There are 2 protein chains.
Amino acid sequence: MAIPRAAKTQRRTRIQEEKEELILEAALEVFSQNGFKGATIDQIADVAGMSKPNLLYYFRTKEAIHKALIQRVLDTWLDPLREFNADGNPEAEIRSYIRRKLEMARDYPRESRLFANEVLRGAPLIEDELKGPLKQLVDEKAEVIRSWAKAGKIAKCDPYHLIFSIWATTQHYADFDVQVRAVLGQEKAGEGRFEDAARFLEGLYMGGLSIPNK
Amino acid sequence: MAIPRAAKTQRRTRIQEEKEELILEAALEVFSQNGFKGATIDQIADVAGMSKPNLLYYFRTKEAIHKALIQRVLDTWLDPLREFNADGNPEAEIRSYIRRKLEMARDYPRESRLFANEVLRGAPLIEDELKGPLKQLVDEKAEVIRSWAKAGKIAKCDPYHLIFSIWATTQHYADFDVQVRAVLGQEKAGEGRFEDAARFLEGLYMGGLSIPNK
DNA sequence: TGTAATGTTTACCAAACGGTCAAATTATTG
DNA sequence: CAATAATTTGACCGTTTGGTAAACATTACA
């Protein structure tokens with residue numbers, strides 16, 4: 001009798017790992033499209049190709065799925081910022097950060113939307129993550145940017161709002177994809193829009209952050 | 001017996017106008033916080049201070065409320081872009097557009113979130129609006145920006161992505177407010193963040209759009 | 001191979017939800 | 001002041017949804 005929900009033996013089974021992976025992938029699909037309240041367990045189970053009770057054998061509640069999923073996504077989501085290198089060339093670092101973020105918006109739009117949905121509804125599940133690890137990471141990188149400005153390598157600017165603006169502009173292409181496509185129209189809304197966006201954003205930031213009178 | 005739902009007499013009653021206004025205000029509160037599926041009619045009725053059947057007397061379905069609300073919001077939401085003046089000074093026009101959008105994010109965050117929620121879920125209710133009136137308006141203003149660039153008044157750039165980036169950066173402060181507050185921390189997350197954001201964004205865009213070698 | 005742990009399914013439940021109905025109440029107007 | 005139209009309410013209904021119970025099937029391992 002397996003009363004305990006896949007947690008008695010401390011060690012995770014092969015099947016457990018496979019099925020949990022399957023469920024999280026399905027959950028990403030469903031949650032990112034419908035938000036937390038809009039998604040149903042039945043939907044997720046359906047996409048995952050299993051019955052609802054079977055899914056609930058691995059995750060006790062809908063919230064548990066969402067929590068596990070968003071924790072995992074949040075972690076990889078911040079990788080580009082972690083790679084931000086203090087010793088590198090400022091312009092090159094910022095440029096490649098924008099590129100990486102834009103690539104993620106292009107290649108992982110579901111993750112971006114999942115995150116957007118969560119923050120939009122007040123981020124009840126990741127409040128601590130935001131105020132702790134995320135804030136710490138941003139604080140650290142903001143200090144780097146500030147030091148660059150102080151050293152006269154880039155124009156003086158508020159490093160926090162610089163980071164916010166990069167987040168906003170890049171994730172916009174994932175989160176507001178429908179709107180972007182609608183405005184660009186059928187002709188120009190192909191995959192090339194990410195290249196266009198990259199070109200524009202690099203131009204904007206390189207121009208905006210360069211020292212006026214060198 | 002008033003079988004027809006407030007629509008028999010063609011002319012709207014005083015009570016109808018008042019109550020519909022009340023409902024839409026309550027709906028804005030609830031929808032913007034919980035999204036379409038996350039919001040319930042009971043919640044809206046509660047906030048509006050009336051019974052559910054009474055609310056449903058004015059709007060037949062939940063979707064009808066949402067549709068009416070988003071139509072109204074979308075209209076005023078685009079006002080700043082409409083004010084964009086081709087004959088004005090390019091830098092001043094862009095600067096004041098950013099300011100206005102940022103003021104709207106500050107003063108009408110619920111409207112911004114309502115819109116963000118709708119676009120995130122694929123904008124099923126306003127697809128036509130986006131592909132029609134919105135696209136037209138943006139096309140028009142993009143042409144203005146392009147002409148400025150051609151005349152050498154601002155740097156060459158993709159006008160569509162310029163507009164997207166202004167939308168993204170300004171609305172970010174409404175839609176991702178929780179995250180912004182969390183990262184800035186208690187000390188710096190006061191109302192001053194909008195002033196800081198305005199300063200940063202104006203600096204970024206004025207620098208990024210200025211002609212390199214004048 | 002037997003047996004205990006793990007995994008899966010069918011049937012089900014209670015609460016929440018969108019929406020209806022008919023009766024009761026209030027506002028408007030001839 | 002009638003009488004008619006507009007508004008409000010409480011009771012109710014069918015469906016969806018998150019989650020459970022227990023029987024059944026499969027896997028792992030001594």
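Everything numeric here is computed off the predicted structure, so don't read it as measured data. Numbers restart at 1 for each chain; the letters A, B, ... are given by sequence-line order, proteins then strands.
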Classify the ring geometry of F31(B) against H66(B): parallel below 30°, tilted from 30° to 60°, perpendicular beyond 60°.
perpendicular
Mind telling me whether F84(B) and Y97(B) have parallel, tilted or perpendicular rings, with 30° and 60° as the class edges?
perpendicular
Taking the ring centre of each residue, are Y160(B) and W167(B) less than 6.0 Å apart?
no
Counting the benzene-type ring for Trp, do H161(A) and Y173(B) have ring centres under 6.0 Å apart?
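Ring-ring flag for H161(A)/Y173(B): true, centres closer than 6.0 Å.
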Measuring only between side-chain heavy atoms, which start at C-beta, is Y205(B) closer than 4.5 Å to R95(B)?
no
Any side-chain N or O of [X] less than 4.0 Å from the OP1 or OP2 oxygen of [N]?
X	N	answer
Q16(B)	dT7(D)	yes
Y57(A)	dT9(C)	no
S51(A)	dT9(C)	yes

d([atom1], [X]; [atom2], [N]) in whole Å:
X	N	atom1	atom2	value
E20(A)	dG7(C)	CD	C1'	13 Å
L56(A)	dG19(D)	CG	P	7 Å
E18(B)	dA6(D)	CD	C1'	14 Å
F59(A)	dG7(C)	CZ	P	13 Å
D46(B)	dA16(C)	CG	C1'	15 Å
R60(B)	dC21(C)	CZ	P	13 Å
F31(A)	dG18(D)	CZ	C1'	12 Å
D42(B)	dT20(C)	CG	P	14 Å

What nucleotide among [options] has an atom nearest to a side-chain atom of [X]?
X	options	answer
K62(B)	dG19(C), dT20(C), dT8(C)	dG19(C)
Y58(B)	dT17(D), dG18(C), dT7(D)	dT7(D)
T40(B)	dT8(C), dC17(C), dG18(D)	dC17(C)

When we call it a touch if two heavy atoms are under 4.0 Å apart, what does A45(B) touch: a base, just sugar-phosphate, or nothing?
nothing
Classify the nucleic acid contact of A64(B) as base, sugar-phosphate or nothing, counting any heavy atom under 4.0 Å across all strands shown.
nothing
Between K52(A) and N54(B), which is nearer to the 5' end of DNA chain D once each is assigned its nearest nucleotide?
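The answer here is N54(B).
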Between Q136(A) and E140(A), is there a side-chain donor-acceptor contact under 3.5 Å, judged purely by atom types and distance?
no
Collect all protein-nucleotide pairs involving nucleotides 27-30 of chain D in which both atoms are nitrogen or oxygen and the distance is under 3.5 Å.
| from | atom 1 | to | atom 2 | distance (Å) |
| --- | --- | --- | --- | --- |
| dA28(D) | OP1 | R14(A) | NH2 | 3.0 |

Inspect the contact between R99(B) and E195(B) and indicate whether a charged nitrogen and a carboxylate oxygen are less than 4.0 angstrom apart.
yes
For DNA chain C, whose closest nucleotide is more 5', that of L55(A) or that of K37(A)?
L55(A)
When you match Q43(B) and M50(A) each to their closest nucleotide on DNA chain C, which lands nearer the 5' end?
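By nearest-heavy-atom nucleotide position, the 5'-most residue is M50(A).
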Quick one: which residue pairs count as a salt bridge (Lys or Arg N to Asp or Glu O under 4.0 Å) with a foot in residues 124-137 of chain B, not counting sequence neighbours?
E127(B)-K131(B), K135(B)-D139(B)
